[in-house]
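Take a look at the structure set out below.
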Number of protein chains: 2
Amino acid sequence: MVRANAGGSTAHGSSGPAGGTNVRRRPTLRMVAELAGVSTATVSYVFSGRSGGGSGVAEATAKRVLEAAEQLNYRPNRAARTIRTGRSDTVQLSLHMLSDPWSLAVAAAVNDEANRHGLTTLILADGDWYAALERVESDVAYLDAAVGSDEVRRHLQALAERGQRLVVFSETLEPDGYDVIRSDAIPGCYLAMDHLLERHTAIGCLVAEDAVRAPEHSRYTPYLARMRERGLPVVPEHTATYANTQASAFAAAVALLSRDDRPTAIYATTDFAAIAAINAAHMLGLRVPHDVAVIGVGNTPDAQSIAPTLTTVGPTDFYRRQAEIIVARALDSGATEPRLHEFPWSLVPGGSTDLDAPPRAVRTL
Amino acid sequence: MVRANAGGSTAHGSSGPAGGTNVRRRPTLRMVAELAGVSTATVSYVFSGRSGGGSGVAEATAKRVLEAAEQLNYRPNRAARTIRTGRSDTVQLSLHMLSDPWSLAVAAAVNDEANRHGLTTLILADGDWYAALERVESDVAYLDAAVGSDEVRRHLQALAERGQRLVVFSETLEPDGYDVIRSDAIPGCYLAMDHLLERHTAIGCLVAEDAVRAPEHSRYTPYLARMRERGLPVVPEHTATYANTQASAFAAAVALLSRDDRPTAIYATTDFAAIAAINAAHMLGLRVPHDVAVIGVGNTPDAQSIAPTLTTVGPTDFYRRQAEIIVARALDSGATEPRLHEFPWSLVPGGSTDLDAPPRAVRTL
DNA sequence: TCGACGAGTCGAATCGATTCGACTCGTCCG
DNA sequence: CGGACGAGTCGAATCGATTCGACTCGTCGA
């Protein structure tokens, strides 16, 4: 027991279980302190840049500490810091479908903004909203598409009560200890329908299954409402539903466009479904927008990376601004009250409905 | 100092800084223990399901503890657990571009597998590889596209030495305290070129900027090599470069396909570039594959969600199996030695090169 | 009747950092 | 020459959980 520890280079660790697993332990702040011949407090001050009782750490001391840390290849232990300070420098995201461009855009924007402020992004859950609630634990958590059920409300309240900072995206919830980002899609959906109705009467609808099951306050309603208002027939076969996958949306679009009485325009309740519809049209030899016009909902970045570009509706500059709100809340020291952040929607014109554009950018071949 | 603490319900906190910020503190294990009238050890045993010295906790005691926890809305503090046990139940991912379907597929697959085992996924960095290295700290970290430079090797070694479990995706590194997943794209790229060369001679190349700058062991080489081997002219204008964005790839494809001497086939070094090429072709009124055939590299899920489906090369069932390796390493108790995992590539036929398919799935309209 | 045993519980040390109050010196001013 | 002061440093408590050894009781067998 007299043996000093430290013996880092004794490479003969053969008495281990199954062959020499040389798991050298991670260096700690204490080791750095010992090597530099100072107290742990001093090392901590050096790394956090803060001052002790008096002023800062003397330059010579700091240098010695940094050299020791370098030599040991020391990195502070985040968990230890978190437990002491209560800050995790972490942003959690609960998204409903990572491969949907909307979720992806949110994730990318938040990750970007978070990194800019030294925070790390955690993908909490990809779909399973209720499971996500149980694991919330970070400086701030973002919850996508929070429905306003009492159960959800209770969960959120419980989290907020124990001091968890939350930003929820919801079209129905009100701020209540947490921020609410509201970007009400429904008025935007009416804009989309109005845009199509300028030129079309036979409009098909590509809609998420959930929305058909619970149409109230869903993106399905504007379709039904506008069609009825204009006295246009709502053909049941002109509504096709899709699940949360690209393939599903694609199949639904193919079904819709393969009909002999196919619509001349498609109102898709998400951009990704709209993009699937454009691809489906191309596959079937239909020209967009001349054989079929397509409009999406969400104004996701992907809307710009298809040809023709997608006409869509959505909030402008949404992802970046939302990311700023989330990160600001993470860094906030508690002064500002949680509030409602609203993002109005507008029409974002693209080529997929622009009948006046030349039928195709024809090239001389 | 005689005052018992515990006073949770004194709600008059008005002496606070700016208005009553009622940040009720998060309940701790100790509070649960006090409320249930047991020791912290017992509560801990109840929550972790483990036994103390003897056997388990008595059923009646456990019930009392759980009720107390429920009443306080207690959730264990992860950071505290992490610091004590050394496990973070976390998987970190460093990806080069979150919106690239390859990265996205990796992220989705790992997140899925991780959740299945009670782990959480952390997006470490989206692009900035070296910044990511500094923040590695989790049960296991996955690093995408590790180049074999000495500097990278040193960094990885340092991490491994302090016990960090690592899985790196690299075509050149060898296992050295960390797992290496190798799925050498280059042989696959030759397969892709060979496939095109069966029918085509005028082949264009859509290649990432980086690869052109440093062609050795890049996906550019197979293009150059095969063209030369076949005695085909390498037209400089038939090579277009793109940066790490959809828009950039799209623009490059448009440039390539707008030429009067446009190629009859395009070899794209990633699936996402290939998809951009298909979209570009459609926009320009070109039929795929009849006016121009397109092949991608990577076999990402997106290859299936475009029309025509993308012919590509890649490892099969790669994402899921890779995710399993990563998560297995996170859960591994140190018995298995890090090793090399290889995934051979093969051709994945799709519609984008299939000249024998009917020119278009024509519908009677 | 006594001792062994084991189920159930507890006390206290511990993980690695942060942070507050206290302490040690020079230095400077009166 | 003495005391105040402040820069720089340190010791020790603390965050919230885990976990090991020790302790308390019934119970059962000899």
- Task: Starting from the C-alpha separation in whole Å, work towards a yes-or-no answer on salt bridge (charged side-chain N to carboxylate O under 4.0 Å, His left out) for R321(A) and E324(A).
- Result: CA-CA 5 Å; R321(A) 285 165 66 198; E324(A) 284 173 2; over 6 Å; no
- Task: Show your reasoning for whether salt bridge (charged side-chain N to carboxylate O under 4.0 Å, His left out) applies to D139(B) and R87(B).
- Result: CA-CA 6 Å; D139(B) 285 355; R87(B) 318 221 48 152; 3.7 Å; yes
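Remark: P of dG8(D) and NZ of K63(A) are 17 Å apart, rounded to the nearest angstrom. Atom C1' of nucleotide dG16(D) and atom CZ of R87(A) are separated by 18 Å, given to the nearest angstrom. In this structure, the CZ atom of R162(A) is 14 Å from the C1' atom of dG16(D), given to the nearest Å. With rounding to whole Å, E34(B) atom CD is found 14 Å from dC10(C) atom C1'. Across the protein-nucleic acid pair, E59(A) atom CD and dG8(D) atom C1' stand 14 Å apart, rounded to whole Å. Protein atom CG of N77(A) is 14 Å distant from nucleotide atom C1' of dA17(D), rounded to whole Å. Look at CG on L29(A): it is 19 Å from P on dC15(D), rounded to the nearest Å. Distance CZ (R78(B)) to C1' (dC15(D)): 18 Å, rounded to an integer number of Å.
Residue V38(B) is in sugar-phosphate contact alone, with no base atom involved, counting any heavy-atom pair closer than 4.0 Å across all strands shown. A41(A) comes within 4.0 angstrom of a nucleotide base, judged by non-hydrogen atoms across all strands.
In this model, the phosphate group of dT18(D) is approached by a side-chain N or O of S44(B) to a distance below 4.0 Å at OP1 or OP2. Close to dC10(C), at under 4.0 Å from its OP1 or OP2, lies a side-chain N or O of S39(B). An OP1 or OP2 oxygen of dT18(D) is reached within less than 4.0 angstrom by a side-chain nitrogen or oxygen of R81(B). Neither OP1 nor OP2 of dA7(C) sits under 4.0 Å from any side-chain N or O of Y45(B).
The shortest distance between side-chain heavy atoms of T61(B) and R64(B) falls below 4.5 Å. Residues Y178(A) and L159(A) have side chains not in contact (no heavy-atom distance under 4.5 Å, counting atoms from C-beta outward).
With dA17(C), dC10(D), dA17(D) as the candidates, the nucleotide lying closest to the side chain of T28(B) is dA17(D). You'll find that the side chain of R84(B) is closest to dT19(D), out of dT19(D), dA17(C), dT18(C).
Remark on DNA chain C: of its neighbouring residues I83(B) and T61(B), the 5'-side contact belongs to T61(B), judged by nearest-heavy-atom nucleotide.
Using N1 to N3 plus N6-O4 or O6-N4 for Watson-Crick, or N1-O2 and O6-N3 for G-U wobble, each under 3.5 Å, dA13(D) pairs with dT18(C).
When E134(A), E161(A), E137(A) are each tested for a salt bridge (charged side-chain N to carboxylate O under 4.0 Å, His left out) with R75(B), only one passes: E134(A).
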